[in-house]
Visitor: 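Take this structure, written in structure tokens, and hold onto it; I'll ask about it next.
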Amino acid sequence: MATPRTLASTAVGASPSLWDPVVRLTHWGIAASVLTNAVLDEGGSLLHVSVGWIVMALLVLRLVWGVLGPAEARFSAFPPNPVTAVRHLRQLVAGRVRHYPSHNPAGALMAYAFWATLAVVTASGLYLTGGATPMQVAEEKAAVASGDWSALIAEGGGESSEEDKSLRHTVEEVHEVAANLLLLLAALHIAGVIVEGRVLRRSLVRPMLLGDVRRGK
Ligand code: HEM
Ligand code: HEM
């Protein structure tokens, strides 16, 4: 078993992780989309739905990459394990952290929490738009702007039962709560990246931006 001394020395001499282009693209694409949809644009707007569809595509790509991608990007490299995550956080508080070739156990839990919450946000978003693609949303908005409501009424948008309204209201709540949870997770995540980087005495952000910083890839 590793002693605190060996843990600390592993951390200091550790080489940076390598993140391939798919992990980097999906990471920054998802991060930018979450911030855009949770903070900058109007819920249900054409931009919001378009960004939402981009998130869905990035999420699917990352999940497929978790099975087919290189070793450090695979789920098998960072299994969800709350016990080792707590142990890792304790070691972090004590100023000693081991190097991991992929996400550390706490970072791994955070990644799964992000992906699960994103799945809830996108599924509820799809329900709210009736599965309409951004193109269909644009057409509907253009029709309504020109005074033609027939498209919405044909879809059942004109009349809905109390039950439908209450279900829609619940899904709206789920969508909004999950979006806020994403922001909370992001705040914890950024704090974790900063603290972990300080203890390891290397930037975790550089490999996520640049990939293989040792070989300048
Ligand atoms: C990154 C993922 C997403 C985030 C963070 C997010 C966030 C939010 C938030 C905070 C609201 C409430 C905003 C307000 O009241 O103005 C909202 C509303 C809405 N979102 Fe999203 N959203 C996401 C993805 C999606 C997707 C994928 C769709 C559909 C395909 C969607 C469709 C909607 C709709 C239709 C509303 C309006 C709901 C209503 O009628 O009040 N969202 N979203
Ligand atoms: C809403 C915003 C964000 C979301 C949803 C998010 C989500 C994620 C996810 C899901 C992962 C796992 C990556 C993978 O395996 O594909 C991750 C890792 C990472 N994120 Fe973020 N992130 C966000 C913002 C940021 C920001 C602003 C930074 C820079 C300070 C950052 C730095 C990192 C780093 C360095 C890692 C890799 C950590 C490690 O070495 O294990 N993230 N993030």
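Here, residue 1 is the first one in the sequence, and each next residue gets the next number. Both ligands and their constituent atoms are indexed starting at 1 by order of listing. What you see below is based on every heavy atom in this structure, not just the backbone, and it leaves out hydrogens, waters and symmetry mates. Just so you know, these numbers come straight off a predicted model, no measurement behind them.
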Visitor: Return the option from Arg62, His27, Met110 holding the heavy atom at the smallest distance from atom 31 (C) of ligand 2.
Guide: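 Looking at heavy atoms only, the winner is His27.
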
Visitor: Give the contacting part of Arg168 toward ligand 1: side chain, backbone, both or neither, where contact means a heavy-atom distance below 4.0 Å.
Guide: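 Side chain only; the backbone of Arg168 stays clear of ligand 1.
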
Visitor: Going by the order shown, which atoms of ligand 1 are within less than 4.0 Å of some heavy atom of Trp53?
Guide: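 Counting from 1, the qualifying ligand atoms are 30 (C).
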
Visitor: Pull up every protein N/O/S atom sitting under 2.8 Å from atom 21 (Fe) of ligand 1, skipping waters.
Guide: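 Atoms qualifying: His48 NE2, His175 NE2.
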
Visitor: Under a 4.0 angstrom heavy-atom cut-off, which atoms of ligand 1 come close to Val55?
Guide: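 Matching atoms, with element in brackets: 1 (C).
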
Visitor: Identify the protein heavy atom lying closest to atom 41 (O) of ligand 1, giving its residue, its atom name and the separation to 0.1 Å.
Guide: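 Going by distance alone, atom 41 (O) of ligand 1 is nearest to Glu172 CD, 3.7 Å.
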
Visitor: For ligand 2, which part of Ala31 has a heavy atom less than 4.0 Å away: the side chain, the backbone, both, or neither?
Guide: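 The part of Ala31 near ligand 2 is both the backbone and the side chain.
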
Visitor: Quick one: which ligand 1 atoms are inside 4.0 Å of a heavy atom on Thr129?
Guide: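 Those qualifying, in numeric order: 29 (C), 30 (C), 35 (C).
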
Visitor: Just to be sure I read this right, does ligand 2 sit under 4.0 Å from the backbone of Tyr100, its side chain, both, or neither, counting only heavy atoms?
Guide: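 The answer is neither; Tyr100 stays 4.0 Å or more away.
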
Visitor: Counting only heavy atoms from other residues, nucleotides and ligands, does the tally under 6.0 Å from CZ of Arg198 exceed 12?
Guide: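 Incorrect, the count does not exceed 12.
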
Visitor: Is the contact between Leu204 and ligand 2 made by the side chain, the backbone, both, or neither, using heavy atoms and a 4.0 Å cut-off?
Guide: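 The answer is both, backbone and side chain.
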
Visitor: Indicate the ring-plane relationship of Trp19 and His103, choosing parallel, tilted or perpendicular according to the 30° and 60° boundaries.
Guide: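 Rings of Trp19 and His103: parallel, under 30°.
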
Visitor: How about Tyr100 and Phe78: are their ring centroids closer than 6.0 Å?
Guide: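 Aromatic pair excluded; centres sit 6.0 Å or further apart.
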
Visitor: Measuring from atom 34 (C) of ligand 2, which candidate in Thr117, Leu209, Val193 has the nearest non-hydrogen atom?
Guide: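 Shortest heavy-atom distance from atom 34 (C) of ligand 2: Val193.
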
Visitor: Quick test of your reading of the structure: of Trp28, Trp19, Phe78, whose heavy atom lies closest to atom 28 (C) of ligand 2?
Guide: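 Answer by nearest heavy atom: Trp28.
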
Visitor: Considering Glu72, Glu196, His103, His189 one by one, which has a heavy atom nearer to atom 12 (C) of ligand 2 than any of the others?
Guide: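 When every heavy atom of Glu72, Glu196, His103, His189 is considered, His103 comes closest to atom 12 (C) of ligand 2.
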
